[in-house]
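Written below as C-alpha cells is the structure these notes are about.
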4 protein chains.
Amino acid sequence: MEKAITISTLARREREKLQRRSDILEAAEELFDEKGFESATIEEIARRTELSKGTIYLYFKSKDELLLAVCIKGIAGFREELEEAARRKRGLESKIKAVYLSYIEFFLEVPHVFRVLHDTFTERLRRNLSQDAINLINWTIIEAVRFGSAFVQQGIDSGLFRRDVDPYAFSVAAWQLATALLDLAILSDPGVIDRDSLEKMFSKSIEILVDGLKCGAPPEEKSSGQKASGRSGTRS
Amino acid sequence: MEKAITISTLARREREKLQRRSDILEAAEELFDEKGFESATIEEIARRTELSKGTIYLYFKSKDELLLAVCIKGIAGFREELEEAARRKRGLESKIKAVYLSYIEFFLEVPHVFRVLHDTFTERLRRNLSQDAINLINWTIIEAVRFGSAFVQQGIDSGLFRRDVDPYAFSVAAWQLATALLDLAILSDPGVIDRDSLEKMFSKSIEILVDGLKCGAPPEEKSSGQKASGRSGTRS
Amino acid sequence: MEKAITISTLARREREKLQRRSDILEAAEELFDEKGFESATIEEIARRTELSKGTIYLYFKSKDELLLAVCIKGIAGFREELEEAARRKRGLESKIKAVYLSYIEFFLEVPHVFRVLHDTFTERLRRNLSQDAINLINWTIIEAVRFGSAFVQQGIDSGLFRRDVDPYAFSVAAWQLATALLDLAILSDPGVIDRDSLEKMFSKSIEILVDGLKCGAPPEEKSSGQKASGRSGTRS
Amino acid sequence: MEKAITISTLARREREKLQRRSDILEAAEELFDEKGFESATIEEIARRTELSKGTIYLYFKSKDELLLAVCIKGIAGFREELEEAARRKRGLESKIKAVYLSYIEFFLEVPHVFRVLHDTFTERLRRNLSQDAINLINWTIIEAVRFGSAFVQQGIDSGLFRRDVDPYAFSVAAWQLATALLDLAILSDPGVIDRDSLEKMFSKSIEILVDGLKCGAPPEEKSSGQKASGRSGTRS
DNA sequence: CATGAATGAGACTTCATTCAT
DNA sequence: TATGAATGAAGTCTCATTCAT
C-alpha cells in the first residue's frame with residue numbers, strides 16, 4: 001500500500017520539483033531582464049514564485065548559478081533550430097534567410113532569456129559566471145555564426161555572391177543586425193518603432209543584406225578573395 | 001586674507017572645479033562601462049579621481065545624477081556631428097554613408113560613454129533616470145534616425161532606391177547595425193572578430209545596405225509605397 | 001496486516017532504533033569535534049548517517065539535546081573505570097598512577113567525545129545545555145578529581161608524601177595535566193610532538209608528579225598543613 | 001590657520017581611530033571568549049562598542065580578520081616577556097620557574113585573549129585563519145616551548161636533572177600544565193577550585209615538576225639518554 | 001570646499017526546525 | 001516511522017549617503 005502511494009507520490013513530487021524549478025527560472029528570467037542581474041533580488045524572485053527565500057536556494061546554489069541556469073536554458077536547442085531551418089529550405093539564398101529568421105524567431109519566444117543572454121554575452125555580467133559557462137555561451141553563438149558563414153562561402157564559391165566580402169564578417173554583421181532588431185523588438189517601445197514595421201524589418205533586413213551580397217559584385221576582382229578565404233574554417 | 005582672492009584666483013578655482021567635474025565624469029564613464037552601473041561604486045570613482053567620497057557628492061547629487069551626467073555628456077554634440085558629416089558630402093549615397101560612418105566614429109572615440117548610453121537606452125538602467133532624462137536620450141537618438149531616413153526618402157522619391165523599403169525602418173536598421181558593430185568593436189574579443197575585419201565591416205556594411213537599397217528594386221511596384229509614406233514625417 | 005507484527009519484529013525494530021540512535025550519536029561526536037558545535041550541521045549528520053534530516057529530530061529533540069546526549073554518553077562508565085583501575089593495584093603510588101593513566105586511556109578511546117566534553121566543560125558550549133546537564137558533567141569530573149585526591153591525602157597522612165601539598169589541588173593539577181596531554185595526543189600535530197614521545201609522556205608525567213610529591217618533602221614543616229586540611233572533604 | 005587645525009586634528013583623529021580599533025578589538029576578545037567565535041556576532045560587537053555594524057568593517061575587513069587581530073595582539077610581546085623573566089633570575093631552576101610563571105602571568109592579564117588563542121591553537125577555529133596566521137601562532141608557541149627546553153637540557157648536561165627525561169617533552173608538558181591551570185584560573189568556577197588555591201597551584205605545580213626533574217634521577221643510567229639528546233636542538 | 005568616518009538599509013546566504021505525505 | 005521540501009530568522013558584508021571637522 002505504502003509502495004503504491006510511494007511510486008505515484010514520488011512521481012508527483014518529482015514533477016512538482018521540476019515545476020517549481022521551472023517557476024523559479026521563469027521568474028528569474030523576467031526579473032534579470034527587467035532590472036538587470038545586479039538589481040534583481042532573490043527576495044523578489046521568492047515573492048513572485050510565492051516561495052520563501054530559503055526555498056530558492058534549495059533549487060539553485062546561488063544567485064550566480066541561477067543566472068547560469070537561465071543562460072543554459074536559453075541556448076538549449078538553439079543550434080538545432082538553426083540547422084532545422086536550413087534543412088527545410090532549398091537554395092542558398094533561402095537557407096541563409098531561413099537561418100537568419102529562425103534566429104530571430106527562436107529568441108523572440110523567450111525575450112527575457114534573450115536579454116539576459118545578450119547582456120551576459122556583452123560582458124556586462126560575464127564576471128558572474130564561471131569560465132566554463134562563459135565558454136559554453138560564447139561557443140554556442142560563435143558556432144552558429146560560423147554555421148551561417150558556411151553558406152555565404154558557398155555562395156561566393158559558386159559565383160552567386162560578390163567576392164569582396166568576408167563570409168565570417170558578413171555572418172557576424174548579420175547576427176549583430178538580427179540581435180539589434182531583436183533588442184528593438186523586445187523593447188518595442190512604440191515611441192521608437194511599432195510591431196508592424198518590425199515584422200517587415202525582420203525579413204526586409206536580410207533581404208537587403210543578401211541583395212547587397214549579390215548585386216554589388218564588382219565586375220572584376222584581383223585581390224579581394226584572399227582575406228575571406230579560410231575564414232569560415234578553423235578559428236580558435 | 002580672504003579679500004586677497006583675486007579675479008584670477010576665482011578663475012583658477014572655477015577652472016579647477018570644472019576640471020574636477022570632468023575628471024569625475026570620466027572615471028564614472030569608465031567604471032560604469034567596466035562593471036555596469038550597479039556594480040560600480042562611488043568609492044572606486046573617488047579612488048580613481050584621487051578625491052574623497054564626499055567630494056563626489058559636492059559635484060553630483062547622487063549616483064543616479066552622475067549616470068545622467070555621463071549620458072548627457074555622451075549625446076552632446078552628437079547631432080551636430082551627423083549634420084556636419086552630411087554637409088561635407090555631395091550626393092545622396094555619400095551623405096547616407098557619411099552619416100552612418102560618422103555615427104560610428106563619434107562613439108568609437110568615447111567607447112565607455114557609448115556603452116553606458118547603450119545600456120541606458122536598452123532600458124537596463126532606465127529606472128535610474130528621471131523621465132526627462134530618458135526622454136532626452138531617446139529623443140536625441142530618434143531624431144538622428146529620422147535625420148538619416150530623410151535622405152533615404154529622397155532617394156526613393158528620386159527613383160534611386162527601391163520603393164518597397166520603409167525609409168524610417170531602414171534607418172532604424174542601419175542605426176542598429178552600426179550600434180551592433182560598435183558593440184562588437186568595443187568588446188573586440190579577438191576570439192569573435194579581429195580589429196582588422198572590423199574596420200572593413202564598418203564601410204562594407206553600409207555599402208551592402210545601400211547596394212541592397214539600390215539594386216534590389218523590383219522592376220514594377222504597385223502597392224508598396226503607401227506603407228512607407230509619411231514615416232519620416234510625424235511620429236510622437 | 002499490522003497484527004502480523006510479532007514480538008521479534010518489535011525486538012528488531014527496537015534494536016534498529018537503538019542502532020540508529022547510536023549511529024546518530026557517533027556521527028554527531030565526530031562532527032562536533034571536527035567543526036565545533038556551532039559549525040556542525042544537522043544536514044551533515046543526516047548525510048553521514050544516511051538518514052534524513054527529519055529523522056534526526058525523531059531521535060533527538062534538538063541540536064542542543066544531541067550535544068547533551070554526546071556528553072552523557074561520554075561520561076557514562078567513566079567513574080567505574082577509574083575505580084576499577086585503582087582496585088587492580090596495590091600500593092598508594094601504583095593506585096594514583098593507575099587512576100591517572102586510566103583517565104587518559106578512557107578518553108583516548110573516544111577522542112571525539114573527549115574533545116566535545118572538554119569544550120563543553122570549558123564553558124565554550126555551556127550555554128547550549130540545561131543547568132542540569134552542566135551540573136551532571138561538572139559533578140562527574142569533580143568527583144573523579146576528589147576520588148584521586150583521597151589517595152594523595154592517604155599518602156600525606158602516612159608520611160609518604162610531602163605535607164606542603166594540597167591533595168585536592170594536586171589532584172586538579174594532575175587531572176589538568178592529563179587533560180592537556182590528551183589534547184596534545186589528539187591534536188598530535190607531528191610538528192609539535194610525535195606519538196612516540198606522547199606515550200612516554202603519559203607515564204613519565206605522572207611519574208615526575210609523584211616523585212615530586214615524594215622527595216620534595218621539606219625536612220620540617222610548621223605551617224603548611226592547615227591550608228590543605230579538609231580540602232578533599234566538604235566542597236559544594 | 002587651517003594647517004594649524006589640521007595637524008592637531010589629524011593627530012586627534014589618528015588617536016581616535018586607534019582608540020576605536022582598540023575598543024573593537026577588546027569587545028571582540030570578550031565576545032569571542034564568552035560565546036566562541038562562531039556564536040559571537042558583529043552585531044553584538046557593534047552594540048558593545050556603541051558603533052554601527054558598518055563601522056566595524058571600516059576597521060577590520062571581515063570577522064575572520066578580527067579574530068586574527070585578536071590573536072596577533074595576544075602573542076605580541078609574549079616571547080620578550082619570557083626572555084625577560086629568564087634574564088632576571090640566576091640559576092637554572094629559578095629561570096625555569098620564572099619562565100613558567102611569566103607565561104601564566106602574561107596570559108592571566110588578558111584572559112579573554114588567552115581563551116581565544118587557546119581555542120585557535122586547539123584547531124577548533126583554525127579553519128578561519130589563513131595559513132600564515134596559523135603558522136605565526138604555532139611558531140610563537142613552539143618557539144617558546146623550545147626556549148624553555150633549552151634550560152632543561154642545560155640542567156641535564158650539568159648533572160642537575162635526571163637524564164631519563166626528554167627536555168622538549170618536559171617543556172611541552174610544563175606548557176600544557178600551565179595552560180591547563182590558566183584555563184582553570186580563568187574559568188575559576190568556585191565550584192571547582194578557588195582563586196586562593198590557584199595561586200598556590202601556579203607555583204607549586206612548577207615546583208613539583210622541577211623537584212621531580214631533580215630528585216627522581218636514577219643513580220645510574222645506561223640507555224635513557226639517547227632519546228632526549230638533540231631534542232631541544234633542531235626541530236622543524 | 002574637501003574630507004573620510006560613520007551610518008544603516010538591504011543584499012545574499014545558511015541552517016535549525018517543522019510538517020504534509 | 002521516515003522523508004525531505006519548505007520556512008524564516010539571523011548572520012555577514014556592502015555601499016550610497018550624510019555630516020562634523
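The figures here come from the full heavy-atom set of this structure, side chains too, leaving out hydrogens, waters and symmetry mates. Proteins come first, then strands; the chains are lettered A, B, ... in the order of their sequence lines, and each starts at number 1.
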How many whole angstroms separate atom [atom1] of [X] from atom [atom2] of [N]?
X       : N      : atom1 : atom2 : value
D/Glu38 : E/dT14 : CD    : C1'   : 12 Å
D/Phe32 : F/dG11 : CZ    : P     : 14 Å
A/Asp64 : E/dT13 : CG    : P     : 7 Å
D/Ile42 : E/dT7  : CD1   : C1'   : 16 Å
C/Glu43 : F/dA6  : CD    : P     : 14 Å
B/Lys35 : F/dT14 : NZ    : C1'   : 13 Å
C/Asp23 : F/dA2  : CG    : P     : 12 Å
D/Leu31 : F/dG11 : CG    : P     : 11 Å

Counterpart residues, side-chain contact (heavy atoms from CB on, under 4.5 Å), relative to [X] (two or more places apart):
X       : result
D/Leu18 : none
A/Thr55 : A/Leu51, A/Ser52, A/Tyr59
C/Glu16 : C/Arg12, C/Arg20

Practice prompt. Identify the two heavy atoms, one from B/Leu129 and one from B/Ile134, that lie closest to each other, and give their separation to 0.1 Å.
Written response: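 Closest approach of B/Leu129 to B/Ile134: O-CD1, 3.7 Å.
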Worksheet item: Considering residues at least two apart in sequence or located in another chain, which fulfil the ring-ring contact (aromatic ring centres under 6.0 Å, His included) criterion with B/Phe114?
Response: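 Result, ring-ring contact (aromatic ring centres under 6.0 Å, His included) vs B/Phe114: B/Phe107, B/His118.
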Worksheet item: Quick one: which of F/dT17, F/dT21, E/dT17 gets closest to the side chain of C/Lys63?
Response: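 Ranking F/dT17, F/dT21, E/dT17 by closest atom to the C/Lys63 side chain puts E/dT17 first.
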Fill in: Dot-bracket line, read 5' to 3' along DNA chain F, where crossing pairs take [ ] and | marks a partner on another strand, Watson-Crick or G-U under 3.5 Å
.||||||||||||||||||||
Worksheet item: Given the rule in the side-chain contact (heavy atoms from CB on, under 4.5 Å) test, do B/Val113 and B/Ile75 qualify, once you have shown the distances and angles that lead to the verdict?
Response: CA-CA 9 Å; B/Val113 177; B/Ile75 55 178; over 6 Å; no
Worksheet entry | Set of salt bridge (Lys or Arg N to Asp or Glu O under 4.0 Å) partners for C/Lys61, sequence neighbours left out |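 With sequence neighbours excluded, C/Lys61 shows a salt bridge (Lys or Arg N to Asp or Glu O under 4.0 Å) to C/Glu65, given in chain and number order.
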Worksheet item: What residues, two or more places apart in sequence or in another chain, satisfy salt bridge (Lys or Arg N to Asp or Glu O under 4.0 Å) together with B/Lys73?
Response: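 Result, salt bridge (Lys or Arg N to Asp or Glu O under 4.0 Å) vs B/Lys73: B/Glu29.
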Discussion item. Does F/dA6 have its OP1 or OP2 closer than 4.0 Å to a side-chain nitrogen or oxygen of A/Arg20?
Written reply: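 Yes, such a contact exists.
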Worksheet item: If you pin B/Thr41 and D/Ser39 to their nearest nucleotides in DNA chain F, which one's is more 5'?
Response: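 Checking each residue's closest nucleotide, the 5'-ward one belongs to D/Ser39.
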Worksheet item: Does anything in residues 45-62 of chain B reach DNA chain F, meaning a heavy atom under 4.0 Å, and if so which residues?
Response: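 Hits under 4.0 Å, by residue number: B/Lys53, B/Tyr57, B/Ser62.
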Donor-acceptor pairs are to be reported for all side-chain atoms of residues 42-50 of chain C against protein atoms at under 3.5 Å, with residues two or more places apart or in another chain.
from, atom 1, to, atom 2, distance (Å)
C/Glu43, OE1, C/Lys53, NZ, 3.4
C/Glu44, OE1, C/Arg47, NH2, 2.8
C/Glu44, OE2, C/Arg48, NE, 3.0
C/Glu44, OE2, C/Arg48, NH2, 3.4
C/Arg48, NH1, C/Glu34, OE2, 3.1
C/Arg48, NH2, C/Glu34, OE1, 3.0
C/Thr49, OG1, C/Ile45, O, 2.8
C/Thr49, OG1, C/Ala46, O, 3.1

